[in-house]
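Convention: sequence-line order gives letters A, B, ...; per-chain numbering from 1. Note that these values count all heavy atoms, side chains included, but never hydrogens, waters or copies made by symmetry.
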Amino acid sequence: MERPKIGVFSLTGCGGDQLMILNLEDVLLDLLSYFDIKDFQEISSFKEDSDLDIAFVEGSVSTKQDLRKLKEIRARCKMLIAIGNCAISGGIQAMKNGQMEILERMKRVYGIEEDIYGVLEPKGLSAYVKVDLEIPGCPIEKEETLRAITSILHGDMPDQFDYPVCVECKLKEYPCVLIEKNLPCLGPIIVAGCGARCPGLGLPCIGCRGPIKEEANAAAELEVLLSKGYDEEHIVNLMRIFCANFGEIKKITEIIRRRSGKGRQE
Amino acid sequence: MVRVEVIDNVLAPSPSRIIKIEKMTEIERLFHVKFLSRDLVERFVYRPGQFVEVGVTGVGEAPISICSWREEPEILELCIRRVGRVTNAIHRLKEGDLLWIRGPYGNGFPMEEMEGSNLLLIAGGLGVAPLRAVLQYALKNRERYGEITVFYGFKSYELMLFREEFLYLFREGDEQKLRLYLSYEDQNDEKCKRLAEERGERIVQGVVTKLFEKTEISPENTYAIICGPPIMYKFVVKELIKRNFKPWQIYLTLERRMRCGIGKCGHCIVGEGNSIKYVCKDGPVFTYWDALNTKGMI
Amino acid sequence: MMYLKLPREDFDAFFKNLQEYGKIYGPVKAGSSAYNFKEVTTLDEMDLSYNRTIVPPKKFFVGLKEKIFEFDEKRAEFREVIEDDPRKVIFGIHSCDIHALKLLDKIYLEDMADKYYLERRRNAILIGIDCHPDEHCFCKSMGTSYATDGFDLFLHEISDGFFVRVGSMKGHEIVAKNKGLFDPVGSEDIEEFKRSQKKRLDEFKLELNLSGLQDMLELAHNSQIWDEYAEKCLGCGTCNLVCPTCRCYDVIDFVNLDITTGERVRRWDSCMLRRHGLVAGGLNFRPTRVERLRNRFNCKGSLLEGMLNCVGCGRCTVYCPAGIDYVEVLRKIAGD
Amino acid sequence: MNRERRIEIAEITRVEGHGRVEVIIEGNRIRDVKMAIFEGPRFFEALVEGVRYDIVPDIMRRICGICTASHSLASIRAIEKAFNIIPTKQTELLRDLLIHGEVIESHALHLFMLALPDYLGFPDVIRMARKHPEMVKAALMLKKAGNLVHNIVSGREVHGMNDMIGGFSKVPNEEELLKIRKAMEESKRTAQLAVDLFVRAGTPKFVESENILMALDPGEKFGYIGDYVTISTGDYYPVEEYEKLTNEKSVDYSHARLSTYRGSPFMVGALSRLLLNGKKLSGTARELFKEQKDLLTHRNSLMNNLAQSIEIVHCVERCIEDIDALLSTGLVDEVVEIEPRARRGVGAVEAPRGVLYHDYTFDEDGRVVKANVITPTAQNMANIEKDLRIATQRLINQPDEKIKRVLEQIVRAYDPCISCSVHLMRIKS
């Protein structure tokens, strides 16, 4: 079998998803040996501008330069795999999307009003190009990633998680932190695959794998958390950490904004 | 604990060799598979309308109805449409490759019970696959059945499954006392139009229910057997009821998510309140009477 | 049935002697108010006054998530994965959970027995224990508050020990082997047992009227009640995963790094999840939460397998993050 | 007329994040040295505005995938200081363990997988592994030992969640800690191998020049957490006054706004820590530090790699020491009451690549009013440019390719983490 030609790229993000691949210490060398690596800036100075069978891309599209780079990658690869929450939905940096204009963010942090970066409101890859597979997480899970890769090498597309963290939480027999500790757990609306890491540590799920697309009942989750005594603003901030670009969450932000009579902070 | 019938691991699939692959359409292929174990061939007794779980290692299993019927089931024919992960993987396989098979499962059509009666087979699209097994069975045991009428609807000539076979029956079926009617949906289908020129009384443009206009169907001593996309059932049943078919004269075969095929995994449960059934175990063949009593069945 | 008394001072010895029948699993505190069946080596690791475990003891017979096969493509091999020693003692199982296992037995063992379930079930010892209902228990209404069979031994606490019912040959063997630890029951013990059972029945607060339930469910097909609860429902699947009578499982294949070997895994599934009714090609037989919710209540309220598919353990209500009360829904359906 | 000569590294490889180097030479004079960053900004300080304190660390630790625990701890410490929360001894030990684990993971990744290929002449670790499989495997196991600390103490390798304000949600148990201990025992040899490799590799001298060094004062023992900054000039400041130290200024030789101390570039990171706090080292690391004292000069920033390797030895031993201390007293679950206050807090830790500051101001409900983060790479930028300038000047007669290789090596020696240093960095593309 000819080794698939791959590239690993990053747009705007923390580098944590590429790092998770490197964190597969036990199998890393074996895994990499299946591929003909043409571009992997984080670990290699070798670079070849060839066509690619698979491109792994992490990070969000947050600048015009990101967008240019993404389009170039898409044009040269057969299969585009978005790795991590940033590449799927814009990630944590999208948290204030629709709430604070990007230039306002620039002003607050850098004290300048001029757009020297060519900034775009952070979004995931699929907002701009066709994405063949999304591996969620902030960061991605090693096991899920490995299984996706072996599945692809086997000739198939991997089976993806489309059920909530609650399922895994029960499979692991963890006590429910929402019920037992009244913690603001987002588990019911967030995609599983992490093995319910946070509830397993007695912590609430903060949603780093993103919502179950077209399925998460965010409105009901809001009601549940309100009934636990959390204030609207905090709940919305919480949901927005990783899910700000999703329709259901946007809707909730709007509802709360209208309810509290607050305008956009501009 | 209840009485237990011990067979070896019922979830363990058996290796079967793909001995022939026929391309039927862009997305449908006919796989001829042969069991590797002689033992299994002997154990594998099935009736038309039953299905098998077909598996590809590393991907999973999918329920596929058996579309052939032979006394000696050394070779099974499976008409597989490429729609999901498993069927995609199956389509990537080549002649000589292995498929992993479990079964046969489900109740199948009550062929003995229908002996002495007329048969009306109504198939839409891929629904022709299980009905082909019924047809093969009935033709092999031709003397046991009365008149056989087949309605077969498809989108276009190119998408017609088992084209050669059915065109042969279309033209020569009368010799075996079989009346085959065809319907095609594509108005611009030149090849079908030519068939209509050839034998207009047996082919019509439109949906399969249009074929009821082509011929007199009597409910007298007749069983109707339907298989097609879910949307088709309601319309076909309506026509049959209009013609005084009783609900127990109508057989349907259903599709559901069936992970285990043996009434355990729970995915195919259908119905409400008083009537809840497993499609894989209690079906996939049901009468319309069952459907009337089981909400959500069709 | 055979009745014996296990004096309190022999309890510890009895527990220790059970170890020869396999690892012992008992109710252990998991959170501030939750319990799980976990392996225990001493009596005091358990809390035998527990109300309910998060997941039911079904996990001992159908693993929560377990490898069932390994395959090897090069060798054209499918190998079943069955544990070496399936012997287990489930200590302190409640009557409702015993009833649930009777239903699971019908599903997994009647025609085409599931080998994994069978092996484990045959090798497990079930030791029941009396419980006291809390505000969510409605097993009395479901007729499952008392187990007449389906266990090997059943322990009923009385003032100076346990009133023991011997429910099977295996149970009989155990008491025979531990003869010295058991006493015959005296008339006072019988009176105390009777009193305690009466008292226990009086403790039930929650009731559900079952009469005509299946008709009520069918008649509620178009009811607004489903919409109302579907709006509240998070669709998280918890109710199914904690249910002792839910039987659904899903199967997934994984490929190892060598790309030619791999495993087939089965995992508990839930009919509240979108994929449950989905077939290849994208058609979903239960596309919305309303349909899924209605389906779940219908399945639980049905007589599938010839018996009620709910044992009144209260888990689905207790663990529902949206606070949906199972009994409340059924009462509304029935118009109570 | 002098011809303009441009030397450009379009994208620095084997570093975290995206950066570019450009040098413009006119005749024998270097007109311009730029290290530009083309990493998209993420505006973390704006993201946490209005956010309640308890989810601030969850957001802020996502600034960086590599030094995630450092950001986490800096963030937590800032909040604890603002709310006057005093962590328990057990918490302090677990945090110490966590950050030492992080340094092992990060340094092992940098030294073996990113930097070493330079010295041994490979484009990457994958190709290096073909020639030196055993060494690379050992390095991966060392890295894994560091990650094991992340996993057990913070919950996962990247963006752990178990370390929180006031302590840890789930305190690791004895069995888990012993697992780390075992991994560390097994890592000792590889850790020392790293030192050998970098000593033997020899370090070029083309950047030799005066460097101002800056590091946190770790207190009694060598370490990575502290509340005061010590500087090679002899100055000493509480971290609350960090703005005096990291004054970001437009300087005449750069297009970027760079951190300078009293107008001069300075250096943070392993070399600074060793040279400023090395006398606080103990055990094998102390011996090695003494042995290599001559090599480890503050005048050669490329020595940062050797310093990192000695730090790994220190970290491996320290993890064992921390675990022994934790086990000797037994582990207990601790609950800390948190009462938000309308106050400011500054938390600092030594990230693997240098001092990291988090600074928050809260309102009375514990919501962030203002936040500021200064990363070590941002602080090093001015010094990197200074070194690039000096090296180019010395190698001016060499061919472009050679200069490029050297420049990239210099940047890499600082182990820059560009993606988290976007802050305060002005790009020019």
Side-chain angles (χ1 to χ4, degrees), chain B residues 1-15 17 36 55-63 81-88 97-98 100 105 229-230 254-279 281 293 295-296, chain C residues 68-69 71-73 76 78 80 102 105-116 118 121-122 150 213-221 246-255 259 262 264 266 269 271 275-283 285-286 291 294-295 298-299 301-304:
Chain B
M1 275 167 77
V2 294
R3 187 182 51 83
V4 171
E5 173 199 353
V6 186
I7 323 172
D8 199 41
N9 199 331
V10 290
L11 296 175
S14 308
R17 176 106 39 224
L36 293 187
V56 180
T57 47
V59 188
E61 296 180 315
R81 176 182 286 176
R82 179 162 55 82
V83 278
R85 287 179 70 237
V86 175
T87 48
N88 260 297
D97 285 348
L98 289 188
W100 293 85
Y105 297 134
L254 302 184
E255 181 193 12
R256 282 296 184 278
R257 183 182 185 88
M258 294 183 271
R259 265 285 185 255
C260 69
I262 51 176
K264 308 202 190 303
C265 82
H267 290 86
C268 68
I269 285 176
V270 61
E272 286 178 19
N274 293 293
S275 175
I276 291 212
K277 294 183 164 63
Y278 295 100
V279 171
K281 194 169 85 171
N293 285 291
K295 284 203 172 67
Chain C
I68 53 173
F69 291 107
F71 57 80
D72 185 329
E73 294 180 346
F78 237 92
E80 65 187 15
K102 283 160 76 174
D105 284 352
K106 281 171 166 280
I107 296 163
Y108 285 102
L109 299 181
E110 273 184 5
D111 54 70
M112 308 233 230
D114 182 288
K115 193 171 177 182
Y116 308 89
L118 177 65
R121 194 75 173 85
R122 271 186 180 155
L213 179 66
Q214 289 75 31
D215 284 326
M216 299 307 173
L217 279 163
E218 242 186 284
L219 289 167
H221 182 78
C246 273
R247 80 293 308 267
C248 290
Y249 66 76
D250 202 6
V251 179
I252 317 120
D253 276 21
F254 294 111
V255 185
I259 317 298
R264 183 160 288 175
R266 112 165 127 184
D269 202 359
C271 61
R275 205 198 297 209
H276 195 272
L278 190 70
V279 292
L283 179 66
F285 289 94
R286 288 182 292 276
E291 284 147 323
R294 185 173 61 203
N295 172 69
N298 270 290
C299 190
S302 78
L303 297 168
L304 195 61

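For chain C, the nearby parts of B/R256 are the backbone and the side chain; heavy atoms of each come within less than 4.5 Å. Heavy atoms of C/F285 lying under 4.5 Å from chain B belong exclusively to its side chain. Both the backbone and the side chain of B/K264 come within contact range of chain C, judged by heavy atoms closer than 4.5 Å. The part of C/F71 that comes within reach of chain B is its side chain, from C-beta onward, which places non-hydrogen atoms under 4.5 angstrom from that chain. Contacts between B/L98 and chain C at a heavy-atom distance below 4.5 Å involve the side chain alone, from C-beta outward. For a residue to count as touching a neighbouring chain, one of its non-hydrogen atoms must lie under 4.5 Å from one of that chain's; by this rule C/L283 touches chain B with the side chain only. For B/P229, no part lies near chain C; criterion is any non-hydrogen pair under 4.5 Å. With a threshold of 4.5 angstrom between heavy atoms, B/S275 approaches chain C through N, CA, C or O but not through any side-chain atom. At a 4.5 Å heavy-atom cutoff, the contact between B/V56 and chain C is made by backbone atoms alone.
In this structure, CH2 on B/W100 lies 9.5 Å from CZ on C/R264, to the nearest 0.5 angstrom. Taking SG from C/C271 and CD1 from B/I269, the interatomic distance works out to 8.0 Å, rounded to the nearest 0.5 Å. The CE atom of C/M112 sits 10.0 Å away from atom CG of B/L11, with the distance rounded to the nearest 0.5 Å.
Most heavy-atom pairs under 4.5 Å with chain B, from the set C/H276, C/R294, C/R247: that is C/H276. With chain B as partner, the option from C/V255, C/L304, C/L217 having the largest number of non-hydrogen pairs under 4.5 angstrom is C/L304. Counting heavy-atom pairs under 4.5 Å between each of C/R275, C/M216, C/R286, C/E291 and chain B puts C/R275 at the top. No other option in C/V251, C/L303, C/N295, C/D250 has as many heavy-atom pairs under 4.5 Å with chain B as C/D250. The residue among B/P15, B/G58, B/G84, B/P230 with the most heavy atom pairs within less than 4.5 Å of chain C is B/G58.
Side-chain atoms of B/R259 and C/D269, non-hydrogen and from C-beta on, never get closer than 4.5 Å to each other. The closest side-chain heavy-atom distance from B/C260 to C/R266 is not below 4.5 Å. Side-chain atoms of C/F69 and B/T57, non-hydrogen and from C-beta on, never get closer than 4.5 Å to each other. Side-chain atoms of C/N298 and B/K295, non-hydrogen and from C-beta on, never get closer than 4.5 Å to each other.
A donor-acceptor pair under 3.5 Å is formed between the side chain of B/R257 and the backbone N or O of C/L278. In this structure a side-chain-to-backbone donor-acceptor pair under 3.5 Å is present from C/E218 to B/N274. The main-chain N or O of B/V10 is never found under 3.5 Å from a side-chain atom of C/K115 such that the two would form a donor-acceptor pair.
The heavy-atom pair separating B/G60 from C/D253 by the smallest distance is N-OD2, 3.4 Å.
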